[in-house]
Participant: 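Have a look at this one before I ask anything.
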There are 2 protein chains.
Amino acid sequence: MPSSRDKKRAAEETANRLRDAILRGVYPAGSDLPGERELSTRLGISRLTLRAALARLEAEGLVRPVHGSGNRVLDFQDTGGVELLGHLLAIANSGEEVRGRKDAGLTLLANLLELRRFAAVEAVGFAAERATPEEIATLRAHVEHQALLLSQPEAYVRADLHFARLLTRMTHNFALVLLANTIIRVLEAQPGVALTFFLDPPGTITVYRRMVDLIESHDAQAARAFTRRLIGAFDRGLLSRLATLTSVAPPPLPPSHDDALLESPHLVSQDAPLPKTTKEVP
Amino acid sequence: MPSSRDKKRAAEETANRLRDAILRGVYPAGSDLPGERELSTRLGISRLTLRAALARLEAEGLVRPVHGSGNRVLDFQDTGGVELLGHLLAIANSGEEVRGRKDAGLTLLANLLELRRFAAVEAVGFAAERATPEEIATLRAHVEHQALLLSQPEAYVRADLHFARLLTRMTHNFALVLLANTIIRVLEAQPGVALTFFLDPPGTITVYRRMVDLIESHDAQAARAFTRRLIGAFDRGLLSRLATLTSVAPPPLPPSHDDALLESPHLVSQDAPLPKTTKEVP
DNA sequence: TACCACTCACTGGTCATACCAGTTCTCGAG
DNA sequence: CTCGAGAACTGGTATGACCAGTGAGTGGTA
């Protein structure tokens, strides 16, 4: 059973392949990609299609073309955009390593949840301060709509993402809206990744209902506190359950995930601070 | 005096022109761009170059090509990514309207500052919890380096952005790192926009020094509180000064900016919530 | 008259080839 | 050994052709 649609545009497919290769470290940062002519023939596409794919990667901050020299591979830890998150998670969840780290999957998910958490806290807070009655009514209606989709995972995820969209709009902060757009777009493009977010849909709906109530009360303080507490507990539960699942599941993941992750998610990214990692003395 | 370098790649130049046109509403959301063949000849470039530009816009969520139909213009309020912020600010700052709103400039800046503010609060908090001594030393050294660049605006801005980069890394949250990368990349591409952020460099340096101290103390609570308070005051001052400047400066901006902006920045964006506005019976 | 299926003139997607414009490295002149 | 001219790369753009979806107009049918 093929995991993705086979009928995609060649350029997009090529972009995905190259992106994966770069994120997996096949083409190390600082090096040059093979020449466009060679690479295109190797991939079985025309140079033009290759260039379309490269344009995409350039926009994502993975590659910088240098006229006369080559397509330089950038260090995505320095220049990669948020839109990489979905791809990174997809790679990590497939049991692969990301730049030599096997525990990247859960760590990355913990990072993302942490970002989601405090972004949501602020969004709910601002919404409580600024949302109009019409917006609140719309959001409430949407939550009830979403509650009817519990049995349809894909539709449910879409609805959940739309909840985030609506909530973000209610902050009346356009920068936040654009930020949410970016993240939502990534998750929509990676349905599998988005699904891992939602192990407890009924609980989510309950939380959402209460959130709307708090927003309607215009008590930003309480709204923030509630969101922080509830989503925090939710994420903790989700991560611990996922850690259990993955340590039992077939993928080649050694039992190296303990709950320490939940307290202080780490992802070493020391290109500048700590160049050498040869010795590790616990 | 030309505002930008004339020697740029045609594709990039084209992408900028098209992006501006879309953001200004020349091509309304939902409509189709002119055919690629016509558009390319009209712009005086080859279709190939045009397509390279379109690929960029597609990655930014501004356009979705529909095979056999046309290049559909999307509503960037629904699908636009964060990378649009810089361009939007540039347009708004040039005195132009953005989608019919004249006060977009200051409002947008206020939005962005708000985002920056609470992101910084969390970043400093997490950094206080997780930063290593080496990272703290590096950051401290960088602040002193930045302090020497007060007389060189461009280098100073670059250094300031790098401060943000270093600080974000210290959170050990890769999602935050990528998010910062995206925003920093935008600001680096729009030097003029970035400059408006920094009307008081010496004050910034002072704040940064204290921030590093608080991070080193590993008192996340205090670090967050300080950051929230200081950056808040800083942003308020910056906005009020900018409001004064623009209401006096030559650009065709009517005196419609009052300090109410600072309290509750608004940007109406009701495309989805109210499909039909013909009848409204409460 | 109303409706449905087909056709064809669009659209974007891909390709092959050629040439321009930078960069890098080699190799010979000094 | 140093250095500079040029050859041999690299990416950037242009042209023209063809493939592949889309959608509206057309014609026929019920």
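The chains referred to below are lettered A, B, ... by the order of the sequence lines, with proteins before strands, and numbering in each begins at 1.
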Participant: Starting from C1' on C/dG13, measure out to CG on B/L39 and report it in whole angstrom.
Facilitator: 17 Å
Participant: Can you check whether any acceptor in the base of C/dG22 is under 3.5 Å from a donor in the side chain of A/H67, or vice versa?
Facilitator: no
Participant: Expected output is a numbered-order residue list: members of residues 43-60 of chain A with a heavy atom under 4.0 Å from any atom of DNA chain D. What is it?
Facilitator: A/R47, A/R51
Participant: Starting at CG of A/N71 and ending at C1' of C/dT23, how long is that distance when rounded to a whole Å?
Facilitator: 14 Å
Participant: Would you classify B/D32 as touching base, sugar-phosphate or nothing, given that sugar-phosphate means primed atoms plus P, OP1 and OP2, and contacts are heavy atoms under 4.0 Å?
Facilitator: nothing
Participant: For B/L62, give me all partners under side-chain contact (heavy atoms from CB on, under 4.5 Å), at least two apart in sequence or on another chain.
Facilitator: B/R19, B/I22, B/L23, B/L57, B/E60, B/F76, B/L84
Participant: Taking side chain to side chain donor-acceptor pair (under 3.5 Å) as the definition, give me every residue that meets it alongside B/R37, ordered by chain and number, with sequence neighbours left out.
Facilitator: none
Participant: Once salt bridge (charged side-chain N to carboxylate O under 4.0 Å, His left out) is applied, do any residues pair with A/R185, and if so which ones, sequence neighbours excluded?
Facilitator: none
Participant: Please tabulate, for the side chains in residues 44-54 of chain A, all donor-acceptor contacts under 3.5 angstrom to protein atoms that are two or more places apart in sequence or on a different chain.
Facilitator:
residue: A/S46; atom: OG; partner: A/L48; partner atom: N; Å: 3.3
residue: A/S46; atom: OG; partner: A/T49; partner atom: N; Å: 3.3
residue: A/S46; atom: OG; partner: A/T49; partner atom: OG1; Å: 3.3
residue: A/R47; atom: NH1; partner: A/E36; partner atom: OE1; Å: 2.6
residue: A/R51; atom: NH1; partner: A/E36; partner atom: OE1; Å: 3.3
residue: A/R51; atom: NH1; partner: A/E36; partner atom: OE2; Å: 3.1

Participant: Examine the base of D/dG16 for any acceptor or donor lying under 3.5 Å from a partner atom in the side chain of B/R37, and report the outcome as yes or no.
Facilitator: no
Participant: What integer distance in Å separates B/E12:CD from D/dG12:C1'?
Facilitator: 13 Å
Participant: Indicate yes or no for a side-chain donor-acceptor contact from A/N173 to the backbone of B/N111 under 3.5 Å, with no hydrogens or angles considered.
Facilitator: yes
Participant: Which residues pass the side-chain contact (heavy atoms from CB on, under 4.5 Å) test with B/A159, not counting sequence neighbours?
Facilitator: B/H142, B/Q146, B/L149
Participant: Expressed in angstrom and rounded to an integer, what is the separation of B/E36 atom CD from D/dT13 atom P?
Facilitator: 16 Å
